[in-house]
Every structure is written in structure tokens, then in C-alpha cells.
Amino acid sequence: MVGANDGTALAQWENGVTVPDGLRRERLTELLEGRLWPELRASIIAGEGMPGRWNQGARWYRRASRERAPREGAGAVVAAILEDLRAVGSLDALRGRYEERDGEWAHTVADQRGLGERCRPDIRRIEDAAYGLRWLEVERGSRFDLRRSLVPQLPLGLLGDLN
């Protein structure tokens, strides 16, 4: 457990006497208290163009949207998140919205739709899909209809290569 050979090392870490693998105590405390979410989420989407996670999420949902059951389950949560993101009008603002949100807001959206338990394993991918789809909407000046399959609405070429 956390690389500790016995309970003594783990107890020392929990009591703040030592920290694992050289992590500074303050950073660990900030992370556990949720104060590093903006920094952590910014690192996930760093770089030029659409973040890779969002691209992968959009690809995943494009494929999943072919069938009615995924559209009614995960798709309902993707649609709710996307609807919220439609208030964001630029790619920089979209990145900013992602950075400012904590890791729980997508869970809250799923719970509000009564799909929390059903979607829990895919919640990160669902959130990434919504952000990826909004990125494409802003970039293309279009709007996806998530009640229908994305296959005819979203040519695979728009998602580029995944390295």
C-alpha cells in the first residue's frame, strides 16, 4: 500500500511525520483538499489544438452514439454537459471552464439525470466527450444533435489522427 512495507511507515505518512517518495507535505495536503484541481486539470489539456483526451472522448461517443441505449444513458449526460458548455463561445474560454471545474461536477450532472451509478465508470470519458464536441462546435460554427447518431454529423476526419 503506497509502497510502505509495514503499517508504521503508512501511519507516519498519515500523521504528517514523513511524506511518500519525496512529495512535499504542502502539495500533498493541497491535492487532498482539492486546491490543486485547476493546476491538475490545466496540465491534462495543455498543448495546441484540441486536447487529446477530448479528441478521444469525442471519438468514443461518436462510436457509442450509433446505438439507442448509449444515447439514452451516457448520451443523456454528454448532452447535459454539452448544453452547459454551449454558453462558452471561444476555445480559450472552453479550456478555462475545464480548468475551473473540479472533478465532481460531471458526477453531479449524471446524478441529476438519475444516471449516476450507471455512468460512473465512464464519467471522465463522458466529460471529455462533451468538451471535445463543444470544441468542434465552436471551431466549426455548428451544433450537434445528440438525439441522433453522430456518425453522419461528425466525419471522422475532423477528429484527426490519434498519436
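Here the structure is a predicted model, which is why all the values come from computation and not from measurement.
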Which pairs of donor and acceptor atoms, one on a side chain in residues 81-89, lie under 3.5 Å apart (sequence neighbours left out)?
{"unit_1": "Glu83", "atom_1": "OE1", "unit_2": "Arg86", "atom_2": "NH1", "d": "3.1"}
{"unit_1": "Glu83", "atom_1": "OE1", "unit_2": "Arg143", "atom_2": "NH2", "d": "3.4"}
{"unit_1": "Asp84", "atom_1": "OD2", "unit_2": "Arg97", "atom_2": "NH1", "d": "3.2"}
{"unit_1": "Asp84", "atom_1": "OD2", "unit_2": "Arg101", "atom_2": "NH1", "d": "3.0"}
{"unit_1": "Asp84", "atom_1": "OD2", "unit_2": "Arg101", "atom_2": "NH2", "d": "2.8"}
{"unit_1": "Arg86", "atom_1": "NE", "unit_2": "Glu137", "atom_2": "OE1", "d": "3.1"}
{"unit_1": "Arg86", "atom_1": "NE", "unit_2": "Glu137", "atom_2": "OE2", "d": "3.4"}
{"unit_1": "Arg86", "atom_1": "NH2", "unit_2": "Glu137", "atom_2": "OE2", "d": "2.6"}
{"unit_1": "Arg86", "atom_1": "NH2", "unit_2": "Phe144", "atom_2": "O", "d": "3.0"}

Show me the side-chain donor-acceptor pairs of residues 70-79 shorter than 3.5 Å, one per line, residues at least two apart or across chains.
{"unit_1": "Arg71", "atom_1": "NE", "unit_2": "Arg147", "atom_2": "O", "d": "3.3"}
{"unit_1": "Arg71", "atom_1": "NH1", "unit_2": "Ser65", "atom_2": "O", "d": "2.6"}

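Taking each heavy atom of Ala69 and Arg118 in turn, the nearest pair found is O-NH2, 3.6 Å. Contact detail for Arg124 and Ala106: the closest heavy-atom pair is NH1-CB, 4.3 Å. Minimum interatomic distance between Arg95 and Gly47 (heavy atoms only, all atoms of both residues): NH2-O, 3.1 Å.
Listed by chain and number, the residues in a salt bridge (charged side-chain N to carboxylate O under 4.0 Å, His left out) with Arg113 amount to none (sequence neighbours excluded). For the side-chain contact (heavy atoms from CB on, under 4.5 Å) test, residues two or more places apart in sequence or in another chain that qualify with Ser90 are Asp92, Ala93. Every residue meeting the side-chain contact (heavy atoms from CB on, under 4.5 Å) condition with Asp111, not counting sequence neighbours, appears here in chain and number order: Arg120. Partners of Arg125 by side-chain contact (heavy atoms from CB on, under 4.5 Å), not counting sequence neighbours, listed by chain and number: Trp60, Asp122.
No more than 12 heavy atoms of other residues, nucleotides or ligands shown are found within 6.0 angstrom of CD on Glu67.
Here the straight-line distance linking atom CG of Leu156 with atom CG of Leu158 works out to 9.0 Å at 0.5 Å rounding. For the atom pair CZ (Arg62) and CG (Leu159), the distance works out to 7.0 Å, reported to the nearest 0.5 Å. In this structure, the separation between CD on Gln112 and NE2 on His107 is 13.0 Å, given to the nearest 0.5 Å. We find the CG-CH2 distance between Leu91 and Trp135 to be 4.5 Å, quoted to the nearest 0.5 Å.
Under the 4.5 Å side-chain heavy-atom criterion for Ile, Leu, Val, Met, Phe, Trp and Tyr, Leu136 and Val151 are members of distinct hydrophobic clusters.
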Open item on the list: Set out, in order, the CA-CA distance, both residues' side-chain angles and the distance that settles side chain to side chain contact (heavy atoms under 4.5 Å, CB included) for Glu127 and Ile123, then state yes or no.
Closed with: CA-CA 6 Å; Glu127 180 185 23; Ile123 201 69; 5.8 Å; no
TODO: Please assess Tyr61 against Leu146 for the test side chain to side chain contact (heavy atoms under 4.5 Å, CB included), listing each intermediate value before the final yes or no.
DONE: CA-CA 10 Å; Tyr61 187 67; Leu146 297 190; 4.1 Å; yes
- [ ] Report the C-alpha distance between Arg63 and Leu150 in whole Å, list the side-chain angles of each, state the deciding distance to 0.1 Å, and finish with yes or no for side chain to side chain contact (heavy atoms under 4.5 Å, CB included).
- [x] CA-CA 8 Å; Arg63 214 173 19 255; Leu150 285 181; over 6 Å; no
